[in-house]
Every structure is written in structure tokens, then in C-alpha cells.
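To start, the structure itself, in C-alpha cells.
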Amino acid sequence: MLNKTYNSQETERRIAKAWEKEGVFRAGAGANPGSDVFSIVIPPPNVTGSLHMGHALNNTIQDILIRFERMRGKNVLWQPGMDHAGIATQMVVERQLAERKETTRQEMGRGKFIERVWQWRHESGGLIANQLKRLGVSCDWSRARFTMDEGFSKAVLEVFITLYEKNLIYKDKRLVNWDPGLLTAISDLEIEQKEMQCSLWYFRYPLEEVLFDPVDPSTFIVVATTRPETMLGDTAVAVNPHDERYQRLIGKKVILPLVGRRIPIIADDYADPQTGSGAVKITPAHDFHDFEIGHRHDLRMISILNQKAAVVLQGNVSFLKGLEKNSMLDALIACLDGLDRFSARGKIIEMMDEGAYLHDIKEHICMVPHGDRSGIPIEPLLTDQWYMNVSELAKKAIAAVHDGYTAIMPHAWEKTYLNWMENIKPWCISRQLWWGHQIPAWYGPDGTVFVKKTEKEAITEATIYYGGEVRLVRDKDVLDTWFSSALWPFAALGWPEKTADLAIYYPTTILVTGYDLIFFWVARMMMMGLYCMGQVPFRAVYIHALVCDKYGTKMSKSKGNIINPLELIDKYGADALRFTLAIMAAQGRDIKLDPGRIAGYRNFSTKLWNATRFGAMNGMFHDPDFIPEKTRLAVNRWILTELTRVTEDVTKNISVCRLNEAAEALYCFVWDSFCDWYIELVKPIFQSQDQYILREIQGCIAWCLDTIYKLLHPFMPFVTEELWMCTAEKATSRPSMLAVTAWPDLYFCDEVASADVKWLIDLISGLRSLRAERNIPVTVRTSLVVLDADQLTYNRLTCHEDVIKRLAGIKGISFSKNVPVMSIQMVFRNVTFCMPLGSLLEFDIEKTRLQKVLNKVLQDIERITKKLKNERFLVNAKTTVIEAERERLDKYLALKDRTEEALTRLWTIR
RNA sequence: GGGCGUGUAGCUCAGCGGAAGAGCACUACGUUGACAUCGUAGGGGGCGCAGGUUCAAUUCCUGUCAUGCCCACCA
């Protein structure tokens with residue numbers, strides 16, 4: 001017997017263990033022989049991670065699909081795993097070292113530090129997997145992978161070397177986005193533009209050939225900049241070739257203030273006459289545009305900032321080489337050397353002002369690129385990095401989506417994907433970190449690079465190259481985490497080995513992810529999958545929204561608006577959270593999560609619990625002979641018809657990822673149809689002494705509940721599994737676990753019985769509404785007199801008399817040709833129902849009420865008549881629509897007649 | 001600057017060519033043996049604004065005003 005209340009916390013833990021023990025999540029478990037394959041690779045969470053709402057949504061969606069297909073008998077694989085998350089993990093461990101006041105990473109040294117990270121990974125890296133289990137996700141945990149496990153590392157090496165040998169990976173010295181906080185390069189995707197209030201400084205750069213006079217504009221050229229500190233590295237001033245103001249200056253030279261370097265005035269289209277002064281200083285080593293110009297005009301590149309973005313003049317060879325003899329040099333070095341970029345900015349402005357070079361300052365709003373991890377402004381820095389030429393790979397990835405080998409859902413995201421792919425730029429894949437896949441490149445004494453899987457192979461090659469043994473130095477850099485993530489769909493299945501899993505499960509069926517990962521991950525998996533496997537990594541991508549707080553702002557630790565899903569699970573149960581997320585999954589862009597809503601769906605699971613208790617208390621049982629077609633009672637045939645409809649609805653909608661529609665349909669069916677009506681309609685029948693009838697209801701209620709458990713299981717796995725187990729009877733042959741029970745396929749339909757019961761429901765609702773409107777207390781049971789009942793109405797009334805009496809507060813039903821005195825009248829389906837109220841009847845109120853009904857009907861009739869008189873409507877509209885309108889009109893006309901009669905009678909029944 | 005969204009009941013959102021929906025909140029009544037994490041009944045919407053297409057528009061198109069996100073950025 002079921003407890004009076006449902007304890008989600010206790011139950012969820014127990015059920016989770018039971019699933020694990022039974023191994024129901026194992027790939028292919030319960031699959032029918034020769035069945036279709038359904039495979040998903042999980043977006044591997046970071047080992048550093050703990051479960052957040054994004055994970056909760058993402059995994060709920062996947063789990064619904066997986067559980068659904070598993071029950072449908074497919075060969076299901078949900079491949080779990082975790083991502084080593086280079087920067088994030090390294091930061092976490094470093095922070096931990098700092099908190100514990102241990103030695104720093106640098107003091108510790110690379111080998112020890114990496115050992116430390118592994119240790120951390122083993123201690124706490126499994127946290128998120130356990131949290132996912134609490135959500136109920138049914139991955140095949142026995143085959144969890146890690147993006148730095150042995151096999152995966154092999155895959156990474158394999159891909160890197162292949163791409164290198166095809167010249168798709170190469171090393172280059174150019175400007176990169178450098179994060180001066182994390183001391184590593186980052187890719188374009190890892191920067192975030194932030195709008196900032198700053199200033200635009202106008203500087204006077206004196207012309208070489210005349211004596212500088214700050215009040216004589218003919219002796220200088222004005223340049224505007226938002227980054228004064230980079231002027232130390234200026235190697236030109238650019239003006240637009242068509243800018244009349246500066247025509248005469250093109251080709252002349254200016255003396256760079258403070259530094260004294262002679263730099264040319266060049267003509268370049270990049271300079272926009274409308275912006276600033278029309279003349280722009282060019283710092284090729286510290287600005288991406290300037291870098292391009294530098295190449296075009298063969299300018300020197302002078303790097304004046306180091307990796308921590310501090311000024312380096314002393315000992316900076318390229319800088320000194322560029323300097324002319326200048327007496328101020330020592331002073332300059334003394335002032336600026338070692339200052340970080342922002343302090344240097346202030347100092348330089350000060351010095352420029354002192355020298356009368358500061359022309360003007362204007363307020364300005366500019367977008368400053370920040371590192372997404374460190375949160376500090378990135379610095380374009382000239383460094384050696386590894387790049388991947390992705391434009392070739394992108395072509396195939398574009399074509400695959402274009403030609404429908406991979407479908408992106410919702411379709412609107414396809415454009416985002418294609419647009420990015422079509423404008424793709426080389427991908428900087430090296431990171432100056434320690435935690436990650438170290439690049440398999442070794443350098444000889446002269447800098448020649450040998451890219452090989454192992455040091456041994458590199459040495460062998462180097463020996464041949466140099467004609468003798470040499471010492472090689474390995475490249476210190478590691479790969480961008482996303483490089484290995486891009487291999488996930490096939491590397492997690494065993495690639496580069498030719499495994500059976502790959503043969504069965506690749507390409508995977510669907511990838512489920514948030515839109516924030518389209519570029520980072522989806523695009524790159526597409527490229528790598530197509531390149532390495534020759535096939536798309538997934539047949540479909542389902543892009544879902546991100547979860548925000550109830551005010552619509554993105555959840556983030558810094559904003560402090562994080563809602564911890566585990567707390568919600570504790571409070572409302574995993575089922576309630578899952579159901580809420582599923583029903584909200586339709587939302588276009590963002591999900592604003594309101595805990596109040598979760599409470600609502602927690603109530604839903606309670607409702608189901610209590611419905612089951614009702615069944616159990618009334619002797620429901622799983623009748624092995626129960627066959628829907630054999631039922632006799634209209635209520636049963638009606639609910640079975642409805643059940644069929646909802647089954648079809650849910651099945652169809654989950655198949656096309658419309659989880660909200662499926663959840664909504666279930667909610668309405670269970671609460672409204674099943675609990676509010678079926679159970680209520682069936683209650684009086686339980687009083688029946690007829691064993692056959694009793695048996696039919698007891699069998700039907702069990703059958704319906706079982707089907708509900710199955711349909712609801714993907715959404716609310718815990719409570720349904722629990723109810724499944726609790727309602728098991730010894731004698732039945734039901735499978736012991738709902739998770740591996742076959743998905744229902746019902747094809748029952750009885751339109752006649754349905755029409756009967758719908759009539760019944762509408763009648764009861766009408767009567768109840770009437771009573772409430774007239775404030776007739778529940779304690780007052782009224783009699784019901786039916787006027788001119790046709791045969792069908794008569795039959796129905798007789799058949800459902802008990803229920804009507806019970807649910808509408810009626811003490812007796814009688815038939816008559818005349819209206820009893822002192823009655824209120826209700827017209828329902830062309831038949832007038834009267835309730836004699838005696839002294840309770842108030843004529844004025846009754847008249848107003850009937851008049852109101854009549855007015856409404858007259859309006860409707862007018863509207864529909866007009867429509868049906870419209871020739872063009874009759875010609876153009878679908879026949880079904882026209883038919884529906886005609887029927888509706890007939891109905892209203894009858895209602896009008898009966899209501900008018902009722903109004904007329906009002907005067908005769910006092 | 002380019003792209004993509006969103007504007008529907010007090011709140012959070014479904015619906016997206018054929019009589020305006022759900023949950024929460026609100027009002028009134030109600031503990032009759034499944035359930036107060038409940039029941040019954042009810043109030044509350046020119047479906048942002050303006051045009052257009054259509055027999056018919058909340059639904060399609062154009063414009064417009066809000067609002068959000070993504071991408072790229074002029075020093």
C-alpha cells in the first residue's frame with residue numbers, strides 16, 4: 001500500500017540505486033533485436049563543474065529523448081563523459097593552491113603541477129556525474145570517458161599530426177589575443193567585447209622638417225588614439241590618400257614625441273577622414289588593423305609591452321634598433337619601464353602634456369575586448385602560435401548542413417551556423433597552459449620542428465635530418481580544450497581504433513546543446529567529424545535556450561543570481577524540476593525560471609500519487625484479461641479513447657523534440673481528464689454490487705495508470721518508477737522496471753462513448769455553473785426536471801443518473817412536458833433543464849441571467865450568419881470549416897429558441 | 001554597422017490562418033473517504049502600433065516603436 005504522502009528525496013535516492021543495480025542504462029539494454037539505433041553523446045561537463053541550470057535543462061532534454069527511445073525498444077546509447085577544460089581547471093587548482101597558501105604553480109614546476117591537477121580530478125572530478133544522477137539522467141555510466149584519458153589522447157595526437165601533415169595546422173608569428181592575466185593566447189571566440197567609457201586623446205606629432213610650434217598647426221599633424229601608451233611602438237602615421245587636408249604631407253616624416261623616432265606619413269585607405277583627426281597613428285605590434293597596414297607598407301613592428309602587458313623598453317632589442325640617438329631616452333626608460341599598460345597611459349599623457357603635444361581630449365565610448373575567463377582587457381601581442389586553417393574543413397561542414405545531412409533545429413539557428421562558418425578565420429589552437437594536451441612538436445637546435453606522436457619518433461626523424469643525434473626540446477604549449485572537444489562524438493566511441501561502437505553508433509542521432517555552443521563546439525565537431533570520419537557527427541542538432549533567473553538575466557556567479565538545481569531538487573524533487581524545464585523548453589531564446597512554477601509541477605506529481613492511492617484503495621488490479629476493446633462502460637471507453645489520443649500526441653511530439661507540447665498534453669490529460677473527471681465519474685460505480693462492472697473499472701483504472709506511468713516516465717522518471725513498483729502485484733507479468741518497459745501503443749477509439757461522456761461532463765459543468773451563479777448552497781440538493789427530452793438524452797440521463805446526482809448536487813431526475821413552478825432553466829444541447837428552487841428563485845436575477853445568455857447567442861448568430869452569407873467565404877474556405885460554422889449556427893439557433901422560450905415561460909412559472 | 005529573437009490575462013509563458021489558452025496570483029464557496037501540494041465556480045486580454053495580403057489575421061508580408069541577444073567594429 002502507498003504512503004499517504006510522497007517523499008521525493010528518499011524515493012529518488014532509492015530508485016536511482018535500483019536503476020544502477022539493474023543496469024537498465026547500459027547501451028542497448030532492452031533493445032529489440034535488429035532495432036533502430038538511437039545515440040547521443042553528452043555535452044561533456046567540465047571536470048571543474050558543478051551542476052547548474054544549464055546542465056539541468058540540457059540533460060533533462062536528452063534524458064527525455066533517451067528514455068523515450070529506450071522504451072520504444074531502440075538500441076540506445078547515451079555516452080557520458082567529462083571535459084578536462086584546460087583554462088578553467090588550471091584556474092581552479094591554482095586558486096586552491098593560493099587558498100591553502102601552498103607553493104605557486106611556477107614554484108611547483110610543470111610536472112608536479114599536472115600531477116596535482118590529476119589528483120584533484122580524481123578526488124572531486126566525479127562530483128558533477130553524481131549530481132547528474134540526482135537529476136535522473138540515464139547515461140550508460142559504465143562507459144564514461146574523459147577528454148584526457150589514454151584513448152582520447154591518442155585520438156588527439158592522431159588528428160593533430162594528420163592535420164599538420166596536410167598543412168592544415170601550422171605555426172605562425174602574428175598578433176594574437178593575449179590574456180595578460182592568464183598569460184596565454186586565446187581564440188577569437190574567447191573574447192568578449194565590453195562597452196566602456198573612455199577618452200579619445202588627440203596628440204600633435206611634429207613634422208620633421210619644421211620647428212615644432214604648438215600654436216602653429218603647420219608644424220605638426222594631429223592623431224587621435226584611445227590607447228596613448230602604444231605610441232611608443234608607433235612606426236607610421238596613416239592618412240587617407242584622398243584626404244585633401246593631408247595630401248602635401250604624404251611621404252613626409254614626423255618625429256615621434258618623447259621617443260624621437262622618425263616615422264613616415266603613409267597613405268592608406270584604412271584611414272577614415274571622418275574619424276578623429278583623419279590621421280591615425282600606426283602601431284603594428286599592438287593593433288590588429290595596424291598589423292595589416294604594417295605588412296602592406298613594410299613597417300617595423302615594435303613590441304613595447306611584455307606578456308604581462310607592462311612596458312618594456314630596456315633591453316628591448318627591436319625597440320632600441322628603431323630608436324634614433326636621443327638624449328631623452330634614458331629619462332623615458334626611467335619613467336616608463338615596467339609600468340603596466342594603464343599606469344603607462346597616464347604617465348604618457350602627462351608627459352605629452354608637458355611637452356605641449358597634447359592637443360585635445362574627448363569623451364568616447366569604445367568596445368574593449370576582454371578575456372572571457374579572466375575578465376580583463378586582452379592585449380594584441382606578437383607571438384608564435386599554432387593555428388589551424390579551418391576554411392577548407394568549413395566548406396564540408398557548410399555543405400553537410402546545407403544538403404541536410406545534419407539538420408539544425410530549430411531551423412532558425414542554421415543561418416547563425418552557416419554565417420559563422422562562411423566567415424571563419426584561422427583558429428589559434430595553442431595555449432600557454434600546462435593542463436591539457438601538450439602539442440606533439442619537438443624542436444632541434446636550429447629551431448627545426450618535428451611533429452610526431454612520440455619523442456622517440458621525433459628523435460628518429462631528427463637524427464636523419466641532422467645526420468646525427470641531437471637533443472630535442474618539446475613545445476611547451478597545450479591545445480585549446482575545444483580542439484579535443486571537437487573530437488568527442490567519435491573519439492568517445494573509441495576512435496582511432498575501428499571499434500564496434502563506432503560502427504553501430506556513429507553518426508550519432510542527435511546532439512542537444514545550448515545556442516552558446518554553436519561556434520565553440522557544434523561547428524568544430526562538424527568539421528572534425530567530417531574530416532576524420534568522412535561522415536557528419538550527428539544527424540540532427542537540437543539547440544535549446546539558456547536558463548536565466550526570473551528577471552531574465554543570465555545566471556552567473558558574479559551576479560549572484562545562480563539558482564542551484566540541487567536545491568530545487570531537494571525542495572521540489574527532480575521530477576518537478578525536469579517537468580518544468582521540459583515544459584519551458586520551447587522558449588526561443590531564454591528561459592526565465594520561476595521557482596513558483598516548479599512548485600506547481602511538484603503538485604502535479606503529488607496529484608498522480610494520490611490518484612494511484614485512490615485506485616489502490618478501490619481494489620484496482622492488473623487484470624491479465626483486460627483488453628480495452630472488451631470494456632462495456634462508457635466512462636471506460638471514453639477514457640481509453642482519450643488515453644489513445646494523448647498517447648499519440650505525446651509520442652509524436654517527443655519524436656520531433658516538441659517536449660513542451662508533450663508535457664502539456666500529459667499534464668492536461670492526467671489532471672483534467674483522468675483525475676478531475678474519470679475518477680469522479682467512476683466513484684459512484686465503485687458502489688456497484690455488479691462484480692463484472694467492478695472488475696472492469698478496477699482493471700481499467702490500473703490499465704490507465706500504467707499507461708500514464710509509461711507516458712510520463714521520460715519526464716518524471718522517479719515518481720513513475722516508484723508508482724510502477726508500488727502497484728506491482730505478485731501475479732502479473734509486468735516488467736519489474738518501468739525504465740525498460742515497452743512504450744504504449746494504443747489504438748482504441750469509441751466516438752459514441754466519447755460523445756456520451758463529453759455530454760455528461762458538459763451537463764454537469766453547466767449545472768454546477770448554474771448553481772454557483774445563483775448561489776445555491778451545496779447542502780441544498782435540488783431536483784432536476786427535463787423538458788421534452790429526446791430519446792438520446794433520456795437514455796443518457798438514465799444511464800448516468802447516479803453520477804449526475806452526485807456531481808451536480810441533484811436529488812432526483814424527472815421528465816416532463818411542463819416547466820415546474822419557481823424554476824431556473826438551463827438550455828443545454830437543445831434540451832431545457834429545470835431546477836425548481838421554490839423560495840430561492842429570484843425572478844429579476846433569473847431574467848437578467850437568461851437575457852444575458854440570449855444576447856450572447858444573438859451576437860454569435862449574427863456573426864456566423866454574416867459569414868455564411870458571404871459568397872467568397874463559401875467559395876474559398878475549406879469545406880470542413882464551412883461545415884463547422886453551419887453546425888455551430890444550428891446549435892446557436894436551437895439555443896436561441898430554447899432560451900427565448902425559457903424567458904417567455906418565466907412569467908408563467910411564478 | 002550586420003544578423004537573429006521577443007512584445008498575448010497582474011506575473012511567467014504556450015498557441016501562430018478559421019469562435020483567445022495554461023500555470024502562478026486574485027475573488028467567492030467548500031474538508032462528501034484519492035488529493036488543501038486539494039475541489040467547485042468565477043473575474044481579468046483593442047494578442048505593441050500602423051498599413052497591406054486574404055472570404056478570414058494574434059497567426060503571413062511591409063513599415064514602426066519598444067526590448068533582448070549574437071557577430072563585427074573607426075583610431
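Everything numeric here is computed off the predicted structure, so don't read it as measured data. As a basis for the values below, the full set of heavy atoms in this structure was taken, side chains included, without hydrogen atoms, waters or symmetry mates. Below, chain A is the first sequence line, B the second, and so on; all start at residue 1.
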- Query: Base, sugar-phosphate alone, or nothing: which one does A:Gly809 contact when heavy atoms must sit under 4.0 Å apart?
  - Reply: nothing
- Message: Can you tell me which nucleotide in B:rA14, B:rA75, B:rC16 comes closest to the side chain of A:Arg658?
- Response: B:rC16
- Query: For A:Glu292 and B:rA75, what is the distance between atoms CD and P respectively, to the nearest whole Å?
  - Reply: 17 Å
- Query: Would A:Arg524 count as a cation-pi partner of A:Trp427, with NZ or CZ less than 6.0 Å from the six-membered ring centre and within 45° of the ring normal?
  - Reply: yes
- Item | Under 3.5 Å on both distances, the Watson-Crick or G-U partner of B:rG17 | none
- Task: Could you please name the partner base of B:rU58, counting Watson-Crick and G-U wobble pairs only when both distances are under 3.5 Å?
- Result: none
- Query: Can you tell which of B:rC73, B:rG18, B:rC13 lies closest to the side chain of A:Gln193?
  - Reply: B:rC73
- Query: Rounded to the Å, how far apart are A:Tyr667 OH and B:rG15 C1'?
  - Reply: 18 Å
- Message: Heavy atoms only, 4.0 Å cut-off, all strands: where does A:His364 land among base, sugar-phosphate and nothing?
- Response: sugar-phosphate
- Message: For A:Tyr515 and A:Trp413, take the angle between the two ring planes, folded into 0 to 90°, and tell me which bin it lands in: parallel under 30, tilted 30 to 60, perpendicular over 60.
- Response: parallel
Dump the pairs, protein N or O against N or O of nucleotides 55-63 of chain B, anything under 3.5 Å, distances to one decimal.
unit_1 : atom_1 : unit_2   : atom_2 : d
B:rC55 : OP1    : A:Asn876 : ND2    : 3.3
B:rC55 : O2'    : A:Asn870 : ND2    : 3.0

- Message: For A:Ile191 and A:Thr225, find the nucleotide of RNA chain B closest to each by heavy atoms; which residue's nucleotide sits nearer the 5' end?
- Response: A:Ile191
- Query: When you measure from the side chain of A:Asn660, which nucleotide among B:rC69, B:rA75, B:rG15 comes out closest?
  - Reply: B:rG15
- Round to the nearest Å and state the distance from A:Met367 atom CE to B:rA75 atom P. 11 Å
- Message: By the 4.0 Å heavy-atom rule, please label A:Ala279 as base, sugar-phosphate, or nothing.
- Response: nothing
- Query: Taking atom P in both B:rC60 and B:rA41, what distance in whole Å separates the two?
  - Reply: 34 Å
- A:Tyr709: what forms a ring pair (Phe, Tyr, Trp, His ring centres under 6.0 Å) with it, not counting sequence neighbours? none
- Query: If the C1' atom of B:rU6 is compared with that of B:rG43, how far apart are they to the nearest Å?
  - Reply: 29 Å
- Message: Can you see whether A:Asp272 engages A:Asn240 through a side-chain donor-acceptor pair at a distance of less than 3.5 angstrom?
- Response: no
- Using the salt bridge (charged side-chain N to carboxylate O under 4.0 Å, His left out) rule, collect all pairs that involve residues 412-424 of chain A, keeping only residues at least two apart or in two chains. none
- Quick one: side-chain hydrogen bond (donor to acceptor under 3.5 Å, both in side chains) pairs with a partner in residues 362-372 of chain A, sequence neighbours left out? A:Gln197-A:Glu363
- Distance in angstrom units between A:Leu418 CG and B:rC71 P, rounded: 17 Å
- Query: Any side-chain N or O of A:Lys415 under 4.0 Å from OP1/OP2 of B:rC4?
  - Reply: yes
- Query: Looking for any heavy atom pair under 4.0 Å, which part of the strands does A:Gly596 touch: base, sugar-phosphate only, or nothing?
  - Reply: nothing
- Please state how far atom CG in A:Leu581 lies from atom P in B:rU12, giving the value in whole angstrom units. 18 Å
- Query: Does B:rU67 pair with anything, Watson-Crick or G-U wobble, both distances under 3.5 Å, and if so, with which nucleotide?
  - Reply: B:rG5
- Task: Pick the P atom in B:rG5 and in B:rU37, then give their distance to the nearest Å.
- Result: 43 Å
- Note on the structure: Scoring nucleotides 33-42 of chain B by protein non-hydrogen atoms under 4.0 Å (B base, S sugar-phosphate only, - none) yields -BB-BSSSSS
- Write down the distance separating the C1' atoms in B:rA20 and B:rG63, rounded off to the nearest Å. 26 Å
- Query: Is A:Glu661 touching bases, backbone alone, or none of the nucleic acid, heavy atoms closer than 4.0 Å?
  - Reply: sugar-phosphate
- Task: Find the distance A:Tyr572:OH to B:rC24:C1' and express it as a whole number of Å.
- Result: 12 Å
- Note on the structure: d(A:Ile365 CD1, A:Met196 CE) to nearest 0.5 Å is 12.0 Å
- Distance, rounded to the nearest Å, where A:Gln859 contributes CD and B:rA20 contributes C1': 16 Å
- Query: Can you tell me the Watson-Crick or wobble partner of B:rA22, both distances under 3.5 angstrom?
  - Reply: B:rU12
- If the plane angle is over 60° it's perpendicular, under 30° parallel, otherwise tilted; pick one for A:Tyr542 and A:His544. tilted
- Item | Touch class at under 4.0 angstrom, heavy-atom based, for A:Arg771 against every strand present | nothing
- Does A:His359 have its ring centroid less than 6.0 Å away from the ring centroid of A:Phe203? no
- How about A:Tyr601 and A:Tyr667: are their ring centroids closer than 6.0 Å? yes
- Task: Would you mind reading off the distance between A:Glu664 atom CD and B:rG23 atom P, rounded to a whole angstrom?
- Result: 8 Å
- Query: A:Phe519: what forms a side chain to side chain contact (heavy atoms under 4.5 Å, CB included) with it, not counting sequence neighbours?
  - Reply: A:Leu189, A:Thr416, A:Trp420
